[in-house]
Amino acid sequence: CYDLFTKNGGSINLQRFSALTQLNAYPTVARTGTGVNALKDCLTSEEKEPSICKNPSSLDFSEKWKTVLIKCAKSFNIDWAEASPLKKHEILSRFISTSDNNLSEELIKIRNDFAQEISEESKRTIKPTNLACELAMDRYSRIEKLLAATATVPEKNLPKWQEKLDSLLTHRIMGLPMFLALMIFVFWTTFSLAEAPMGWIESGIDFLANFAESKLSEGLLSDLIVNGIIHGVGGVLVFVPNILILFFWIALLEDSGYMSRAAFMMDRLMKAIGLQGRAFIPMIMGLGCNVPAIMATRIIDSKFQRFLTILLIPLVSCAARLPVLVLLCGTFFPNNPSLWMFLLFSVNIGVILLLGHFSNVIFKAVENSPFLLEMPPYRLPTFKSVLDTLKEKAWHFIEKAGTVILAGTIIIWVLSSFPRDIPLSFDYEAEKALIMSVKDETKKQEALESLDSKRELEYMENRYMAKLGKAIHPIMEPLGFTWRETVSLIPGFLAKESVVSTLTVLYLPFSSDLGEAMTKSGITPLSAFVFMLFTLLYIPCLATFGVMWRESGSLKFTASSLFIYFIIAYLASFIALKVGELMQTADGIALENILIVICSIIAAWYLINITISSISGKMCNSCSACSGCPSKTENCKGGCHK
């Protein structure tokens with residue numbers, strides 16, 4: 001951000017900086033690429049950097065630290081001046097250790113004497129276990145001296161328009177509703193703008209399937225390529241436009257600086273479930289993929305909050321679940337699919353809040369660790385940064401379609417195509433001959449299509465996939481799922497996109513259009529809603545399971561989490577089914593209206609809660625930096641009145 005630094009009146013004497021540090025300096029601007037080529041030339045050049053001067057420079061330790069580290073090196077029989085950087089780092093790490101475990105008596109004495117020495121200098125008590133903090137203070141002191149000698153740092157004067165925009169977007173009452181309205185707009189464009197490109201991709205897939213079918217002789221190979229690979233994988237690829245549109249908006253929100261404002265607003269909501277606003281950042285990342293989101297929990301220093309965030313992130317709907325939502329919302333709720341998608345996400349967020357709140361109550365481990373967040377200036381996103389994001393997401397999705405989803409589709413096709421020799425309940429060929437004698441062409445065509453579907457259904461009902469589905473179907477039957485929906489959840493453990501490709505293969509006998517086939521087989525809007533809700537909440541994919549295990553370091557925690565996800569998904573789906581059935585029989589009230597009423601109740605509760613909190617003088621838990629606020633210790637008990 002060197003351009004922003006100089007634009008605001010800052011300057012750096014690069015020659016003096018290099019002289020003091022004995023290093024070349026390369027100011028860069030990542031957004032535009034300014035200065036990057038010069039840095040690359042330096043890295044690839046055969047000429048070496050200026051040799052590090054052995055005389056003291058701004059990067060060296062201060063004299064008191066250098067003296068004590070030389071003593072430490074002698075205790076290890078090492079010459080500090082000749083030691084490698086790695087060896088010096090090892091000595092330093094042991095010296096500033098926060099415990100005395102595995103330290104020699106000589107090193108412990110050096111630590112104690114040094115802590116006593118700097119305690120007398122600073123006239124404050126410093127423990128040997130706090131030496132790491134003292135080293136950090138010494139380091140920042142050297143940085144300040146270096147900046148004072150080489151740079152003019154501008155004051156941080158926010159433009160008036162940015163202050164006004166911040167006051168609007170982070171408003172304690174209107175900020176969150178504006179964020180929700182923005183999300184509704186994002187979901188609406190995800191459907192509306194993607195219709196045309198989805199149609200083009202579907203036409204391309206149909207053309208490819210017809211071409212392959214015309215060139216291949218009828219048989220197993222043709223069936224595998226057309227019905228297994230092309231329709232199975234193509235049934236997932238058709239949702240690439242939706243994913244690109246969603247991440248286009250997310251990239252704009254991130255690059256513009258709005259996401260930091262959203263994290264600030266969510267701090268109070270996060271505290272309600274024992275977390276802080278910092279946890280919101282990994283959760284937002286979870287919209288893309290849960291794996292890097294869980295890895296991003298490393299920014300959370302509290303162990304309880306980190307584990308709780310890891311537990312909650314797999315419940316955040318990632319991009320892999322998006323094809324299921326787009327397919328079923330568009331099919332069963334064609335009038336307002338974006339509203340239904342938003343309602344699903346609202347229920348999803350409600351489940352996350354409830355789980356977090358109950359975890360917080362059960363373990364009683366609220367930790368009011370400070371949440372410090374720098375608000376970046378508003379910036380216009382660059383075309384290159386947005387394009388790079390979209391390319392990354394599209395390639396990741398296509399790569400998964402060509403590997404995991406392809407393998408899963410072939411397995412599903414094999415289980416759905418064998419055994420081949422199945423005794424039929426009656427002579428379909430004889431029935432077909434009778435139908436051919438009908439003179440009315442329309443009735444004849446309808447009868448032939450019905451007969452073909454009935455025969456394909458009988459074949460499917462007696463193959464391995466149906467047997468597997470029917471074996472585990474009793475567990476899911478109370479949720480209103482057929483054996484097909486039940487089976488599709490199994491490959492979803494490998495990749496959530498596989499749910500759609502599996503349904504495509506299983507419903508293909510009914511129609512080439514998956515939504516139409518599901519409707520013909522008796523799937524209702526209510527059962528589709530329940531299935532989407534279960535897909536959002538049930539166990540995460542295998543990659544997420546692996547990274548949960550690695551980041552938590554506990555197999556017990558990870559295995560327990562999978563059990564918790566399944567129970568939550570089952571209970572939430574069962575409640576949604578029963579409430580939906582009740583509402584559908586009560587004076588013809590639509591489920592849609594009931595869900596809108598529920599959301600209105602939640603919104604009203606939110607506004608009432610804010611009003612009561614404001615009146616009681618305990619409003620702003622979002623602001624954790626209360627130093628200098630005279631009312632903090634008198635009235636506020638952890639928050640501030642500002």
Side-chain angles (χ1 to χ4, degrees), residues 165 168-169 174-204 235-262 265-266 283-289 316-349 378-398 496-497 500 515 528-529 532 535-536 592 595-596 599 603:
L165 189 57
L168 178 65
L169 295 179
M174 297 305 299
L176 188 57
M178 290 175 65
F179 176 68
L180 296 178
L182 185 61
M183 289 298 101
I184 292 177
F185 172 76
V186 169
F187 291 140
W188 175 75
T189 57
T190 300
F191 281 96
S192 58
L193 299 182
E195 285 184 4
M198 285 180 71
W200 301 336
I201 296 175
E202 285 179 343
S203 300
V236 176
L237 291 179
V238 73
F239 298 104
V240 169
N242 303 95
I243 290 173
L244 291 182
I245 291 171
L246 176 63
F247 281 100
F248 169 77
W249 290 116
I250 292 178
L252 289 184
L253 294 176
E254 286 180 345
D255 291 356
S256 65
Y258 179 74
M259 279 302 184
S260 294
R261 275 80 183 171
M265 288 188 299
M266 296 298 291
M283 287 187 174
I284 282 293
M285 291 178 64
L287 290 172
C289 179
V316 176
S317 180
C318 62
R321 298 176 172 106
L322 191 63
V324 181
L325 306 185
V326 172
L327 168 70
L328 298 184
C329 284
T331 299
F332 293 96
F333 310 104
N335 294 330
N336 42 21
S338 56
L339 174 62
W340 280 91
M341 193 167 176
F342 177 74
L343 292 176
L344 279 164
F345 273 85
S346 300
V347 175
N348 192 5
I349 292 172
Y378 290 102
R379 295 187 178 96
L380 285 175
T382 63
F383 176 78
K384 182 178 181 300
S385 65
V386 175
L387 182 62
D388 287 345
T389 299
L390 297 184
K391 284 165 58 178
E392 177 192 354
K393 298 302 179 184
W395 175 246
H396 175 72
F397 192 78
I398 294 171
K496 288 294 182 285
E497 299 95 334
V500 173
F529 179 87
M532 286 188 287
T535 305
L536 278 177
E592 174 185 352
L595 291 174
I596 292 174
C599 288

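Computation of the quantities below employed the complete heavy-atom set of this structure, encompassing side-chain atoms and omitting hydrogens, waters and symmetry-equivalent molecules. For clarity, every value in this text was computed on a predicted model and none was experimentally measured.
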**Ser192 vs Thr189, side-chain hydrogen bond (donor to acceptor under 3.5 Å, both in side chains): CA-CA, chis, key distance, verdict** = CA-CA 5 Å; Ser192 58; Thr189 57; 5.8 Å; no
**Full working for side-chain hydrogen bond (donor to acceptor under 3.5 Å, both in side chains) between Ser317 and Asn348** = CA-CA 8 Å; Ser317 180; Asn348 192 5; 4.9 Å; no
**Message:** Tell me which one of Phe332, Phe191, Phe187, Phe333 satisfies ring pair (Phe, Tyr, Trp, His ring centres under 6.0 Å) with Trp340.
**Reply:**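 Only one option passes, and that is Phe333.
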**Item:** Pairwise distance CE(Met341) to OG(Ser346) - rounded to 0.5 angstrom
**Value:**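 The CE atom of Met341 sits 11.5 Å away from the OG atom of Ser346.
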Of the non-hydrogen atoms in [X] and [Y], which two are nearest, and what is the gap between them?
X      : Y      : answer
Ala528 : Leu328 : O-CD1, 4.0 Å
Met198 : Asn242 : SD-OD1, 3.1 Å
Ala319 : Ile243 : O-CD1, 4.1 Å
Pro241 : Ala194 : CB-CB, 4.1 Å

**Message:** Are Trp188 and Phe342 an aromatic pair, judged by ring center distance below 6.0 Å?
**Reply:**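 Ring-ring flag for Phe342/Trp188: false, centres at least 6.0 Å apart.
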**Test of ring centre spacing under 6.0 Å for Phe239 and Phe397** =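 Aromatic pair excluded; centres sit 6.0 Å or further apart.
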**Item:** Side chain to side chain, Thr389 and Lys384, heavy atoms closer than 4.5 Å
**Value:**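 Contact flag for Thr389/Lys384 side chains = no.
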Please tabulate, one pair per line, all N/O donor-acceptor pairs under 3.5 Å involving side-chain atoms of residues 320-327, not counting sequence neighbours.
unit_1 : atom_1 : unit_2 : atom_2 : d
Arg321 : NE     : Thr535 : O      : 3.4
Arg321 : NE     : Leu536 : O      : 3.3
Arg321 : NH1    : Val316 : O      : 2.9
Arg321 : NH2    : Pro314 : O      : 3.0

